Amino acid sequence: MKAGIVEYRVPYADTDQMGFVYYGNYLTYFERSRNELMRTWGFTYKELEAMGVGMPVIEANVKYHAPAKYDDLLTIRGVLTELHGVRAKVSCTVMRGDVLIAEGWTMHVFIDLATGRPVRIPQKILDTFQASPEG
């Protein structure tokens, strides 16, 4: 599947007292790549919501390999790795050049925004995912 790729320069505000990117910020970085990933499929989260569908995170995992610091240029990459029933899993990596900083994934469930109940992946979205070329 196509990848959502974001280049991001770490601002001072993302770092902790030790000068490292605060661990919780990596989930925000994963979200940045998911937003770009959706754009590669030809729609945005805003358009998904206009269809009455949400995609909240129901589980997340991050493994840290090396610290990132202020002013590092990071490449954040998200790829859809699972899609079935009402769920989608997006796997992410955060790199500084050739150095793996962090990797992990987020699991999402598709919900009807009006009821908050899980729904099958809308066919339009499923077709887009399945037609997405390698990248």
Side-chain angles (χ1 to χ4, degrees):
M1 300 295 286
K2 276 197 166 283
I5 299 173
V6 175
E7 286 201 343
Y8 181 74
R9 184 151 322 262
V10 176
Y12 187 76
D14 282 8
T15 61
D16 60 19
Q17 188 172 355
M18 295 173 286
F20 302 141
V21 169
Y22 177 69
Y23 75 94
N25 286 332
Y26 288 92
L27 291 172
T28 301
Y29 297 171
F30 287 7
E31 180 182 1
R32 291 173 187 272
S33 71
R34 283 196 310 272
N35 280 303
E36 291 309 309
L37 180 59
M38 290 178 74
R39 288 180 199 290
T40 70
W41 295 328
F43 60 91
T44 65
Y45 199 84
K46 186 175 183 177
E47 291 167 316
L48 182 68
E49 289 176 331
M51 291 185 247
V53 177
M55 219 173 95
V57 174
I58 59 168
E59 192 174 349
N61 175 276
V62 183
K63 184 173 182 179
Y64 305 96
H65 296 275
K69 297 180 179 182
Y70 166 71
D71 210 36
D72 282 352
L73 181 60
L74 305 177
T75 302
I76 308 155
R77 184 176 190 268
V79 177
L80 181 74
T81 53
E82 290 181 32
L83 182 68
H84 53 85
V86 298
R87 294 179 181 219
K89 183 177 183 180
V90 178
S91 296
C92 300
T93 57
V94 179
M95 306 286 295
R96 181 183 56 240
D98 294 334
V99 176
L100 177 62
I101 301 296
E103 63 184 329
W105 48 265
T106 52
M107 182 68 74
H108 305 262
V109 64
F110 288 86
I111 63 168
D112 179 311
L113 289 174
T115 66
R117 298 187 54 98
V119 294
R120 287 210 170 269
I121 300 164
Q123 191 62 47
K124 177 181 177 181
I125 295 168
L126 189 58
D127 291 344
T128 302
F129 290 157
Q130 292 172 340
S132 182
E134 294 294 320

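These figures come from a predicted structure and were not determined experimentally.
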Tell me whether [Y] is reachable from [X] by hopping between hydrophobic residues (I, L, V, M, F, W, Y) whose side-chain heavy atoms are closer than 4.5 Å.
X: Met107; Y: Met55; answer: no
X: Leu48; Y: Val86; answer: no
X: Ile58; Y: Ile111; answer: yes
X: Trp105; Y: Val79; answer: no
X: Trp41; Y: Met51; answer: yes

Do you know the tightest heavy-atom contact between [X] and [Y]?
X: Ala3; Y: Thr40; answer: O-CG2, 3.6 Å
X: Phe110; Y: Ala88; answer: CE1-CB, 3.9 Å
X: Thr81; Y: Ser91; answer: OG1-OG, 3.0 Å
X: Ala102; Y: Val62; answer: CB-CG1, 4.3 Å
X: Cys92; Y: Gly78; answer: SG-CA, 4.0 Å
X: Ile5; Y: Thr75; answer: CG2-CG2, 3.7 Å

Query raised in the report: Taking the side chain as C-beta and beyond, is there a heavy-atom pair between Val53 and Leu113 under 4.5 Å?
Result: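 A side-chain contact under 4.5 Å is absent here.
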Report task. Tell me yes or no: between the side chains of Arg34 and Thr106, is some donor less than 3.5 Å from an acceptor? Result ->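 Looking only at side-chain atoms, Thr106 and Arg34 do form a donor-acceptor pair, the distance falling under 3.5 Å.
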For the backbone of [Y] and the side chain of [X], can you confirm whether one donor and one acceptor N or O come within less than 3.5 Å of each other?
X: Glu36; Y: Ser33; value: no
X: Arg87; Y: His108; value: no
X: Arg96; Y: Pro67; value: yes

Pairwise distance [atom1]([X]) to [atom2]([Y]) - rounded to 0.5 angstrom:
X: Thr93; Y: Ile76; atom1: OG1; atom2: CD1; result: 9.0 Å
X: Leu100; Y: His65; atom1: CG; atom2: NE2; result: 4.5 Å
X: Arg9; Y: Leu73; atom1: CZ; atom2: CG; result: 4.5 Å
X: Arg77; Y: Glu103; atom1: CZ; atom2: CD; result: 12.5 Å

For residues 17-32, which side-chain N or O atoms pair as donor and acceptor with protein atoms under 3.5 Å away, sequence neighbours left out?
unit_1 : atom_1 : unit_2 : atom_2 : d
Asn25  : ND2    : Asp14  : O      : 2.9
Tyr29  : OH     : Asp14  : OD2    : 2.6

Requested in this report: In plain terms, say whether Lys46 and Glu49 are close enough for a salt bridge, that is, a side-chain N and a carboxylate O under 4.0 Å apart.
Outcome: no
Query raised in the report: Can we say Arg117 and Asp112 salt-bridge, meaning some charged N sits less than 4.0 Å from an Asp/Glu carboxylate O?
Result: no
Query raised in the report: Between Val10 and Lys69, is a side-chain contact (heavy atoms from CB on, under 4.5 Å) present by the stated rule, with each step listed?
Result: CA-CA 7 Å; Val10 176; Lys69 297 180 179 182; over 6 Å; no
